[in-house]
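Along the sequence shown, residues are numbered consecutively beginning with 1.
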Amino acid sequence: MPPNKSPFPSLLQAALLVVALYVLEMLIGAGLYDARNALGLSLEQLSALEALLGNGIVISVALHLQGSGYRDLVHPDRKSLWPTLVMVVPPVVLLMPLIVLLDMTMMSALETLLPLSESERQTFGAMSTQTLPMALIVCVIAPVVEEMLFRGVLLRGFLARYPRGQAIGYSALFFGVAHLNLYQFCLAFLLGLLLGLIYERGRSLLPCMALHAAFNTAVFVLSDASDVAAGTADASAAGAPAIPSIAWAGALIAAGIGLVALQKTLRLWPSRL
C-alpha cells in the first residue's frame, strides 16, 4: 500500500461495503433460488450459501484493498494464540449470560413500546427455526463472518484512520444498522461497542467470535424454550416471562469475574483513554 494512501475503509467506503454485501446476497439468492430444487437445497441451506458466498467475496475484496490477507485477519500474532485461547476467551464468554438477560429485557421493553408487525414476527420466527442449517447459520456462520467483516475489516481500518473511541463507535454503529431493524439495532450497537473494545485491546478476533457465537447460541436455544412456553395459556396471559433474581445474580457474578480477568489480561480500561 502506498504510504500516502489513506487506510481502507473510510466511513463512506464502509457503508458501500455493507450495501454491496446485501446486494450480493440478494443476487446470489436469486441466482440459486430456481436451482435449489435440483440441488436439493432447503431455504435454510440457501441462506447459508448466501451468507458464506456474499461475505466471502466482500471480505476478500476488502482485504485486498487493505493490502492484507486471511492469514492475518483472525489472529495475526501466532505466539499469543494459546494465551488468548486460555486467558482471554473464557473470561469473555463469562459475559454472555448478563448480555442475554439484558437483551431479553431490552427486547421486551421495545416490543411493549413498539409492537412487532406480523412480517417482523415471521422474520424473527424464521431466524429461530430449530433446524440444523439454521443453527449453523445463527451459531457458527454469522458470528464468524460478521466478526471478520465488522471487527476484522471495518474496525481495523477505522483504528488506522480515526481516534480509538470514534473507531469503535463507528464500527458498532455499522454493526447495529446492518441488522436492519430497531429491535436488534440497540443490542447489536451496545454489543458492538464491547466487541470493538475487546478487539482493540487484543487485536484478535477469536474472543470476539467466541462471545458472538455464545450469545447467538444462547438466544437460539432460549427462543425454542420461549416458543414452547408461549403455547401455554398462562404464558400467553402473562406476556414475557419474568427473569428470576437468582439468574440476574448469577449473571452479574459471572460478568464481574470475567471483567476483572479481562482487565488484568487486556487492560480494557487503561489509565489514559
> Can you list the residues that meet the side chain to side chain donor-acceptor pair (under 3.5 Å) rule with S60, with sequence neighbours excluded?
Replying inline: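 Expected list: Y70.
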
> Got a sec, which residues hit side chain to side chain donor-acceptor pair (under 3.5 Å) with S245, two or more places apart in sequence or on another chain?
Replying inline: none

>> Taking CE in M107 as the centre, count heavy atoms belonging to other residues, nucleotides or ligands within less than 6.0 Å. Is the count above 12?
In response: yes

>> Using a 6.0 Å cut-off, check whether atom CG of L113 has over 12 heavy atoms from anything other than its own residue.
In response: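 Count over threshold, so yes.
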
>> Test: salt bridge (Lys or Arg N to Asp or Glu O under 4.0 Å). Region: residues 124-149. Which pairs qualify, not counting sequence neighbours?
In response: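 Every salt bridge (Lys or Arg N to Asp or Glu O under 4.0 Å) pair that includes a residue of residues 124-149, provided the two are not neighbours, is E147-R151.
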
>> Test: salt bridge (Lys or Arg N to Asp or Glu O under 4.0 Å). Region: residues 53-81. Which pairs qualify, not counting sequence neighbours?
In response: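 The answer is none; no pair qualifies.
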
[X] side chain vs [Y] backbone, donor-acceptor pair below 3.5 Å:
X: Q130; Y: S223; value: no
X: R203; Y: E200; value: yes
X: E50; Y: S47; value: no
X: R161; Y: P7; value: yes
X: S10; Y: Q13; value: yes
X: S171; Y: I168; value: yes
X: Y183; Y: L114; value: yes
X: R156; Y: G152; value: yes

Minimum heavy-atom separation for [X] and [Y], please, with both atom names.
X: A214; Y: V93; answer: CB-CG1, 4.3 Å
X: C208; Y: I198; answer: SG-CG2, 4.2 Å
X: A255; Y: L98; answer: CB-CD2, 3.7 Å
X: R164; Y: L268; answer: NH2-O, 3.6 Å
X: Y199; Y: S204; answer: CD1-O, 3.6 Å
X: P143; Y: C139; answer: CG-O, 3.5 Å

What's the spacing between [X] [atom1] and [Y] [atom2] if we round to 0.5 Å?
X: M106; Y: L101; atom1: CE; atom2: CG; value: 12.0 Å
X: L259; Y: K264; atom1: CG; atom2: NZ; value: 12.5 Å
X: F150; Y: L205; atom1: CZ; atom2: CG; value: 13.0 Å
X: L211; Y: L206; atom1: CG; atom2: CG; value: 13.0 Å
X: L102; Y: L95; atom1: CG; atom2: CG; value: 11.0 Å
X: W248; Y: I243; atom1: CH2; atom2: CD1; value: 5.0 Å

>> For Y170 together with Y162, are the ring centres under 6.0 Å from each other?
In response: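 Between Y170 and Y162, which both carry aromatic rings, the centre distance is below 6.0 Å.
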
> Is the distance between the ring centroids of F175 and H212 less than 6.0 Å?
Replying inline: yes

Hydrophobic clusters here meaning ILVMFWY residues chained together by side-chain heavy-atom distances under 4.5 Å, can you tell me if [X] and [Y] are in one?
X: L191; Y: L173; value: yes
X: V260; Y: W269; value: no
X: L180; Y: L17; value: yes
X: L94; Y: L193; value: no
X: V58; Y: V61; value: yes

>> In terms of relative ring orientation, are F158 and F174 parallel, tilted or perpendicular, with 30° and 60° separating the classes?
In response: tilted

>> Test side chain to side chain contact (heavy atoms under 4.5 Å, CB included) on T217 and M96; report intermediate values, then the result.
In response: CA-CA 10 Å; T217 300; M96 180 271 293; over 6 Å; no

pair [X]-[Y]: side-chain heavy atoms closer than 4.5 Å:
X: F185; Y: L110; result: no
X: V144; Y: V74; result: no
X: L65; Y: P9; result: no

>> What verdict does the side chain to side chain contact (heavy atoms under 4.5 Å, CB included) test give for F220 and N216, after you've listed the backbone C-alpha separation in whole Å, the side-chain angles of each residue and the deciding distance to 0.1 Å?
In response: CA-CA 6 Å; F220 185 76; N216 280 17; 6.0 Å; no

Scan the side chains in residues 18-28 for donor-acceptor partners under 3.5 Å anywhere in the protein, sequence neighbours excluded, and list what turns up.
| residue | atom | partner | partner atom | Å |
| --- | --- | --- | --- | --- |
| Y22 | OH | A178 | O | 2.1 |
| E25 | OE2 | N55 | ND2 | 3.4 |

> What residues join L136 in its hydrophobic cluster, counting side-chain heavy atom gaps under 4.5 Å, either direct or through other members?
Replying inline: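 In the cluster with L136 are L132, V140.
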
> Between F8 and Q66, is a side chain to side chain contact (heavy atoms under 4.5 Å, CB included) present by the stated rule, with each step listed?
Replying inline: CA-CA 6 Å; F8 179 89; Q66 285 184 335; 3.8 Å; yes

